[in-house]
There are 2 protein chains.
Amino acid sequence: MNATPRWLTAEQKAAWDSFIRMQEKLIGRLARHVQADSGMSAADYIVLAKLTEAGGRMRFMDLAKLVEWEKSRMSHQVGRMAKRGLVAKEECPDDGRGAFIVATPAGHKAIEDAAPVHVEHVRRLFVEALTQDELDTLARISNRVVAHLEMQPD
Amino acid sequence: MNATPRWLTAEQKAAWDSFIRMQEKLIGRLARHVQADSGMSAADYIVLAKLTEAGGRMRFMDLAKLVEWEKSRMSHQVGRMAKRGLVAKEECPDDGRGAFIVATPAGHKAIEDAAPVHVEHVRRLFVEALTQDELDTLARISNRVVAHLEMQPD
DNA sequence: CCACTCTAGTTGACACATCAACTTTCTGCC
DNA sequence: GGCAGAAAGTTGATGTGTCAACTAGAGTGG
């Protein structure tokens with residue numbers, strides 16, 4: 001209970017505001033590009049990308065852990081993607097509860113078509129905005145924040 | 001049409017991946033905190049924060065521009081917030097199409113209660129992970145990316 | 001073999017975001 | 001004045017994310 005809350009300094013607030021603004025604009029723009037170019041959402045893209053990178057067939061939970069999503073989110077997402085024919089669910093013989101998620105041929109084709117275009121957008125909108133030094137610095141800062149997050153309670 | 005797409009270099013991809021990962025974890029965690037601490041979504045928070053900062057009464061479109069949202073998003077959001085008593089809509093006398101959005105007393109109280117807690121989370125999870133130098137660097141990098149984005153087509 | 005607990009995954013309700021289509025009012029121009 | 005077009009907002013459809021509750025099979029100790 002502190003009656004006079006400690007606000008951020010001007011520099012801290014500036015950094016926070018700039019970061020938030022950049023992040024929203026950049027992510028939003030890329031999401032719109034993916035959608036427009038390939039008809040996939042950013043969620044479709046990342047799931048399909050990670051799944052095919054890993055061989056196109058994974059246990060549900062392994063996939064969820066790989067993209068760091070909770071199972072509910074993944075379940076809904078996979079359900080939608082299955083309905084659209086990008087992936088299929090298969091029963092798991094050794095574990096009656098389990099499921100394999102498999103990229104369909106259409107799924108493979110979708111990600112193969114989408115990936116180069118997406119990378120081009122990442123390059124154009126993000127990579128080319130910065131020098132390699134700045135990219136390295138940003139990576140270092142990001143990793144530091146993640147490490148810090150993982151040390152903090154909850 | 002390039003048959004051999006130019007992928008990112010390892011360093012570029014590392015920077016991109018680290019940034020995305022950090023951003024998702026950090027934003028997600030803060031959103032969950034706002035929700036848990038105050039019962040407001042991150043969207044509620046930002047709208048209410050900007051609105052009260054600006055005096056608690058704004059034209060709909062000015063508010064939308066201030067938070068850089070499209071009008072549809074703002075309309076839905078304001079509708080939900082009005083239903084929950086955080087803001088109210090008022091007719092605009094000089095412009096028959098227009099509307100004022102006003103923070104209700106409950107809205108003012110909600111943001112006043114939520115803001116210090118939220119700032120504390122930003123400090124704990126983000127500011128304290130980094131030195132002031134790193135914060136400055138991140139701000140500079142962010143501003144550079146935004147400037148770059150604003151120069152790019154679409 | 002039985003009970004207890006854990007893990008895998010689903011489901012339903014609800015809040016949120018986006019897109020496109022729509023209504024109403026204003027403004028500029030003839 | 002009158003009309004074309006732009007601006008202010010709304011609306012509905014659809015996809016997405018979160019939470020909590022749920023089912024069902026697997027593992028473990030007695």
Side-chain angles (χ1 to χ4, degrees), chain A residues 24-25 27-48 58-102 154, chain B residues 24-25 27-48 58-102 154:
Chain A
E24 273 172 12
K25 291 205 174 215
I27 303 296
R29 191 120 141 204
L30 280 167
R32 259 172 276 122
H33 274 304
V34 174
Q35 183 72 50
D37 294 342
S38 67
M40 285 193 285
S41 68
D44 294 336
Y45 182 91
I46 187 72
V47 167
L48 219 38
M58 284 183 91
R59 279 295 293 269
F60 179 93
M61 260 304 160
D62 294 340
L63 182 55
K65 278 171 196 139
L66 188 60
V67 299
E68 303 185 272
W69 282 9
E70 32 174 336
K71 58 189 181 169
S72 171
R73 183 179 181 184
M74 186 58 80
S75 182
H76 284 299
Q77 181 65 33
V78 163
R80 287 186 299 259
M81 290 174 75
K83 194 174 306 180
R84 291 165 44 217
L86 295 172
V87 300
K89 288 184 247 188
E90 285 181 11
E91 276 181 21
C92 180
D94 0 341
D95 189 336
R97 306 162 293 184
F100 280 102
I101 311 302
V102 193
D154 62 293
Chain B
E24 272 171 13
K25 292 205 174 215
I27 303 296
R29 190 119 143 205
L30 280 167
R32 261 173 275 122
H33 274 304
V34 174
Q35 182 73 48
D37 294 342
S38 67
M40 285 193 285
S41 68
D44 295 336
Y45 182 91
I46 186 72
V47 168
L48 219 38
M58 283 182 91
R59 278 296 293 266
F60 179 94
M61 259 304 160
D62 293 342
L63 182 54
K65 277 170 197 140
L66 188 60
V67 298
E68 303 185 271
W69 282 9
E70 30 174 337
K71 58 191 182 167
S72 171
R73 183 178 181 184
M74 185 58 81
S75 182
H76 284 299
Q77 181 65 33
V78 163
R80 286 187 300 262
M81 291 175 75
K83 194 174 304 180
R84 292 166 45 218
L86 295 172
V87 300
K89 288 183 247 187
E90 286 181 9
E91 276 182 22
C92 180
D94 0 342
D95 190 334
R97 304 163 295 183
F100 280 102
I101 311 301
V102 193
D154 62 293

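Owing to the predicted nature of the structure, the values given are computational and were not obtained by experimental measurement. Residue numbers begin at 1 in each chain, while the letters A, B, ... track the order of the sequences.
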Flag side-chain contact, heavy atom, 4.5 Å: B:P93 against B:F100: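 They are in contact (side-chain heavy atoms under 4.5 Å apart), so the answer is yes.
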
Distance below 4.0 Å between [X] side-chain N/O and [N] OP1 or OP2:
{"X": "B:S41", "N": "C:dC16", "result": "yes"}
{"X": "B:K89", "N": "D:dT10", "result": "yes"}
{"X": "A:R32", "N": "C:dA17", "result": "no"}

Distance check needed: [N] [atom2] versus [X] [atom1], whole Å only.
{"X": "A:F60", "N": "C:dT11", "atom1": "CZ", "atom2": "C1'", "result": "12 Å"}
{"X": "A:W69", "N": "D:dC19", "atom1": "CH2", "atom2": "P", "result": "15 Å"}
{"X": "B:E68", "N": "C:dT18", "atom1": "CD", "atom2": "P", "result": "13 Å"}
{"X": "A:D95", "N": "D:dA24", "atom1": "CG", "atom2": "C1'", "result": "10 Å"}
{"X": "B:Q77", "N": "D:dT10", "atom1": "CD", "atom2": "C1'", "result": "15 Å"}
{"X": "A:R84", "N": "D:dG15", "atom1": "CZ", "atom2": "P", "result": "8 Å"}
{"X": "B:R80", "N": "D:dG12", "atom1": "CZ", "atom2": "C1'", "result": "14 Å"}

Shortest non-hydrogen contact between A:V87 and A:I101, atoms and distance: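 Where A:V87 meets A:I101 most closely, the heavy atoms are CB-CG2, 4.0 Å.
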
Shortest non-hydrogen contact from A:A42 toward A:A31: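 Here A:A42 and A:A31 meet closest at CB-CB, 4.4 Å.
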
Minimum-distance nucleotide to A:E70 side chain [options: C:dA20, D:dC19, C:dA17]: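 So the nucleotide nearest the side chain must be D:dC19.
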
Closest nucleotide among C:dA8, D:dA8, D:dT16 to the A:D44 side chain: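 The closest nucleotide is D:dT16.
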
A:E91 atom CD, neighbour heavy-atom count above 12 within 6.0 Å: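 No - once you tally the heavy atoms of other residues, nucleotides and ligands closer than 6.0 Å, there are 12 at most.
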
Taking N and O atoms by type only, does the side chain of [X] place a donor or acceptor under 3.5 Å from a partner on the base of [N]?
{"X": "A:S72", "N": "C:dT10", "result": "no"}
{"X": "B:R97", "N": "D:dA7", "result": "yes"}
{"X": "A:H76", "N": "C:dG12", "result": "yes"}

Touch class at under 4.0 angstrom, heavy-atom based, for A:K83 against every strand present: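 Answer is nothing: A:K83 stays at 4.0 Å or more from every strand.
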
